[in-house]
Amino acid sequence: MAEKKVSNAEIASTLFEIADLLELKGVAFKPRAYRSAAQTIEALGEDITDIAERGELEEIAGVGESIAGKIRTVIDQGNLPYLDRLREDMPEGVRELMELEGIGPKKALFLHRKLGISGIDDLEVAAKKEKVRELEGFATTSEQHILDAIEVWKERHERFLLGYILHDAEAIERKLREHDAVKKACLAGSIRRRRETVGDADILVATDEPETVSHFFCSLPEARRVVMEGPKRCTIVVARNLHVDLRVIEEEQFGAALQYFTGSKAHNITLRKRALDHDWKLSEYGLATRDGGDIVAREHEEEIYEALGLAFIPPELRENRGEIEAAEEGTLPALIEYGDLWGDLHAHTKWSDGAHSVREMAEAARDRGWEYLIISDHSGGLAIAHGLSEGDIRTQGKEIEKVNRELEDITVLQGIEANVDKDGTIDVKKSILRDLDFVVGSVHSGFKMTEKEMTERVVTAIHQDHLNMIGHPTGRLIQKREPYALDLDAVFEEAASVGVLLEINAFPTRLDLSDIHCRRAHDAGVMLGISTDAHDTDHLRFLDLGVAVARRGWLEAGDVINTRSLDELRAWLKQ
DNA sequence: GCCGTTTTCGGCCCGACTGTTTTCAGTCG
């Protein structure tokens, strides 16, 4: 009973490893099949163990009899003899070599065979001893590239948090757009889809002067290094070691190229197959007849989707999670828009661990055009964050009243981010909570409870008097801390029936609930609230990241409480 | 290994850039 559930990520990782090892062995086509299945499973909105329990593994796209059998083995036994055998044939570190930019299965195996290299450490030693340049097909340039790639690999194990690189990427996009020779410029790739983490930045430009624009791009002051420079493709490295790719195309192909380079890969492969059904082919140059003679559509993305019999699919949905079927049936959601929010539900001030005063936060919110800002500082139980005592809460209330008297065009509400104790109760007296405008309950300690205990804790919290919202419901920190064990479906059901909000915390390291969770929460009838958890006036800009999560989670404006005006919000809170 | 109103067998997405090559393989996205 207490055994750990195998996660979708673990299954995907197993399948990816099989794909790599088969590729190293020179096996044809199978690697693609394993990779395709892995990608689908990685993005599933449901636990694969549940699907396996229902005996429906083979209904997953790309999973057939053989892969389903291997998944069942991993779930039942916790290991996979088939993978163990593959590993025996291939030294551990050879696969690691493929993590280097420019090294694929052929070169990895070649290096292993010729120099006995079985790991990135080995390769670094060999390259420094100038052994690599002596190999057939390699020379000094290749050797240097390997050393460069090793440096990048050492510094960059992780993907970038969207919220931390979006601003820089948009700045480069803007510079390109303002260049005289550039007709159109747009961020593409996972940034345009607003994935929570991104591997690199892709920017697309339309121009009649490719060399001019490419050279301008590679000469940007932000460029610390130029990886590659061609008339159609360039790559530079900017701050934080972020790789920025530029694609240069002609204006009439902009729509096709934007569609292609926005991805996701899985979405595009499905679209390409759909094009083949019409006896067309889809590439970055357009939707065309199979011989390439006649162009069907290419200037605007919308035309491509239309020609394929689909409603336009917003970039945030392009993950091959059912959006193509929905576009065909006309059942895509009318997504919440970036300008739809009237205010923020959760922000901190100097009263607890924030950097700015109530007034400074209020002015910053007003300058963003918001109608309201809910200040939800930490309660006393969180000493590390200078939580507020009962007396502090009263004094802060007076300060908020003063700010509201002095400032126009913004209303500050007094909330609190109270701690959910281990028994599920809130660490602030009801007599205090009663007088506050908004109460967020968050788990800030005791993360290591069992799933059953944690679920009881959160469900109990949902039933506490005056509670309005559960803050960052899973507690995860992206790439740093796993979510705590929690039966989210039980939480969704309870939150929906009691009418408590679940937060979409828009802070870049949290994004909690995540896109996939939002979709499940919505299906369970939960109302969501988007908030920044700002600890600084600058953090208020993260609200759009929360909207991005909501859009990726298929949410409409009506699913999110702060698409409502202050009067409507107050009315809802009184219910 | 998966998949099928073109197929239960025979296909499997397409194009650019790089380096080391005399015409292309490997890698990437």
Side-chain angles (χ1 to χ4, degrees), chain A residues 15 18-40 57-71 82 86 97-111 132-146 148-149 188-191 198-204 210 214 218 226-235 243-249 253 256-257 259-288 290 292 320:
Chain A
L15 298 177
I18 293 172
D20 285 349
L21 292 173
L22 288 172
E23 199 161 46
L24 280 166
K25 293 182 76 151
V27 176
F29 300 109
K30 288 187 188 183
R32 186 182 302 172
Y34 278 99
R35 229 165 249 142
S36 162
Q39 279 163 356
T40 305
L57 283 175
E58 288 180 46
E59 288 177 26
I60 299 170
V63 176
E65 192 182 339
S66 171
I67 292 181
K70 293 186 174 75
I71 294 172
Y82 172 75
L86 282 176
L97 298 180
M98 292 168 65
E99 292 174 19
L100 296 175
E101 183 174 27
I103 305 289
K106 298 289 191 320
K107 285 185 185 171
L109 201 57
F110 185 77
L111 289 164
V132 175
R133 64 180 66 179
E134 296 166 2
L135 298 173
E136 190 189 338
F138 289 79
T140 53
T141 314
S142 299
E143 193 172 74
Q144 188 55 49
H145 279 186
I146 285 173
D148 291 345
S190 48
I191 292 188
V198 301
D200 60 15
D202 297 298
I203 305 182
L204 207 60
S214 296
C218 292
V226 177
V227 177
M228 164 206 311
E229 179 173 358
K232 297 200 168 190
R233 273 192 67 179
C234 309
T235 303
H243 282 50
V244 184
D245 286 341
L246 182 75
R247 314 284 182 150
V248 183
I249 40 139
Q253 296 162 342
Q259 194 290 314
Y260 180 83
F261 288 115
T262 296
S264 66
K265 197 164 190 170
H267 174 90
N268 283 359
I269 287 173
T270 308
L271 274 197
R272 276 169 178 261
K273 285 180 182 157
R274 198 177 169 88
L276 287 175
D277 292 342
H278 289 82
D279 211 25
W280 295 331
K281 64 172 180 175
L282 178 60
S283 76
E284 59 263 53
Y285 296 112
L287 182 61
R290 221 157 172 175
N320 205 30

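Residue numbers start from 1 in every chain, and the chains themselves are labelled A, B, ... in the order their sequence lines are given, proteins ahead of strands.
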- Note on the structure: To the nearest angstrom, the CG-P distance between A:L282 and B:dC14 comes to 10 Å

- Task: Please report, rounded to the nearest Å, how far the P atom of B:dT6 is from the CG atom of A:D277.
- Result: 7 Å

- Message: Side-chain N or O of A:K30 versus OP1/OP2 of B:dC12: is the shortest distance under 4.0 Å?
- Response: no

- Message: Please give the distance between the C1' atoms of B:dC14 and B:dT7 as a whole number of Å.
- Response: 23 Å

- Task: Determine the interatomic distance between C1' on B:dG15 and the same-named atom on B:dT8; round to the nearest Å.
- Result: 33 Å

- Query: Can you tell me how far OG1 of A:T235 sits from CE of A:M228, rounded to the nearest 0.5 angstrom?
  - Reply: 4.0 Å

- Nearest to the side chain of A:M228, which nucleotide is it out of B:dC17, B:dG29, B:dC13? B:dC17

- Message: Please give the distance between the P atoms of B:dT6 and B:dG1 as a whole number of Å.
- Response: 27 Å

- Task: Give, for atom CZ of A:R233 and atom CG of A:D245, the distance between the pair rounded to the nearest 0.5 Å.
- Result: 5.5 Å

Protein and nucleotides 20-27 of chain B: nitrogen or oxygen contacts under 3.5 angstrom:
unit_1, atom_1, unit_2, atom_2, d
B:dT20, OP1, A:A139, N, 2.8
B:dT20, OP1, A:S142, N, 3.4
B:dT20, OP1, A:S142, OG, 2.9
B:dT27, OP1, A:G104, N, 2.8
B:dT27, OP1, A:G104, O, 3.2
B:dT27, OP1, A:K107, N, 2.8
B:dT27, OP2, A:K106, N, 3.3
B:dT27, O5', A:G104, N, 3.4

- Looking only at heavy atoms, the pair that brings A:P231 and A:V248 closest together is O-CB, 3.4 Å

- Message: If I take atom NE2 in residue A:H267 and atom C1' in nucleotide B:dC14, what distance separates them, rounded to the nearest angstrom?
- Response: 16 Å

- Of A:D245 and A:G64, the one whose closest nucleotide on DNA chain B sits nearer the 5' end is A:G64

- Task: Report which part of the nucleic acid A:E229 touches: base, sugar-phosphate, or nothing (heavy-atom distance under 4.0 Å, all strands).
- Result: sugar-phosphate

- Atom pair CG (A:D202) and OG1 (A:T262), whose distance is rounded to the nearest 0.5 Å: 8.5 Å

- Among B:dG29, B:dC13, B:dC2, the one nearest any side-chain atom of A:I67 is B:dC2

- Item | Approximate separation, where rounding is to 0.5 Å, of A:S36 OG and A:I60 CD1 | 11.5 Å

- Query: What nucleotide, of B:dC2, B:dC12, B:dC28, holds the atom closest to the side chain of A:R233?
  - Reply: B:dC28

- Rounded to the nearest 0.5 Å, how far apart are OG1 of A:T270 and NZ of A:K265? 12.5 Å

- Message: If I take atom CD1 in residue A:I269 and atom P in nucleotide B:dC2, what distance separates them, rounded to the nearest angstrom?
- Response: 16 Å

- Message: Could you tell me how far B:dC13 sits from B:dC3 if I compare only their P atoms? Round to whole Å.
- Response: 13 Å

- Closest to side chain of A:D202, choosing from B:dC12, B:dG29, B:dG1: B:dG29

- Message: Quick check on B:dT18: is either OP1 or OP2 less than 4.0 Å from any side-chain nitrogen or oxygen of A:H145?
- Response: no

- Message: Would you say A:K70 places a side-chain N or O within less than 4.0 Å of OP1 or OP2 belonging to B:dG1?
- Response: yes

- Message: Just the rounded figure in Å: distance from P of B:dG1 to CD of A:E23.
- Response: 15 Å

- Interatomic distance where NZ belongs to A:K273 and P belongs to B:dC2 [whole Å]: 13 Å

- Considering only B:dC17, B:dG15, B:dG29, which nucleotide approaches the side chain of A:Y260 most closely? B:dG29

- Taking atom P of B:dC28 as reference, at what distance in whole Å does atom CZ of A:R247 sit? 13 Å

- Note on the structure: Winner on side-chain proximity to A:S66, out of B:dC2, B:dC13, B:dC17, is B:dC2

- Message: Taking the basic N atoms (NZ, or NE/NH1/NH2) and the acidic carboxylate oxygens, is any pair closer than 4.0 Å for A:E23 and A:R35?
- Response: yes

- Item | Distance, P atom - from B:dT27 to B:dT20, rounded to whole angstrom | 14 Å

- Using a 4.5 Å cut-off on heavy atoms from C-beta on, say whether the side chain of A:F138 contacts that of A:K107. yes

- Does B:dG1 pair with anything, Watson-Crick or G-U wobble, both distances under 3.5 Å, and if so, with which nucleotide? B:dC12

- Item | Nearest-angstrom distance, P atom, B:dC28 to B:dT23 | 25 Å

- What integer number of Å spans the P atoms of B:dG11 and B:dA16? 26 Å

- Could you check A:R272 against A:E58 and say which one's nearest nucleotide on DNA chain B is further toward the 5' end? A:E58

- Item | Interatomic spacing from CZ in A:R272 to OH in A:Y260 - rounded to 0.5 Å | 5.0 Å

- Note, A:Q259 side chain near A:N268 side chain (heavy atom, < 4.5 Å): yes

- Item | Whether A:F29 stacks on the six-membered ring of B:dC12 base, 5.5 Å and 30° limits | yes

- Item | Separation of B:dG19 C1' from A:L135 CG (nearest whole Å) | 14 Å

- Nearest to the side chain of A:R32 - B:dC2, B:dC12, B:dT18? B:dC12

- Item | No-H, no-angle donor-acceptor pair, A:Y285 side chain to B:dG15 base, under 3.5 Å | no

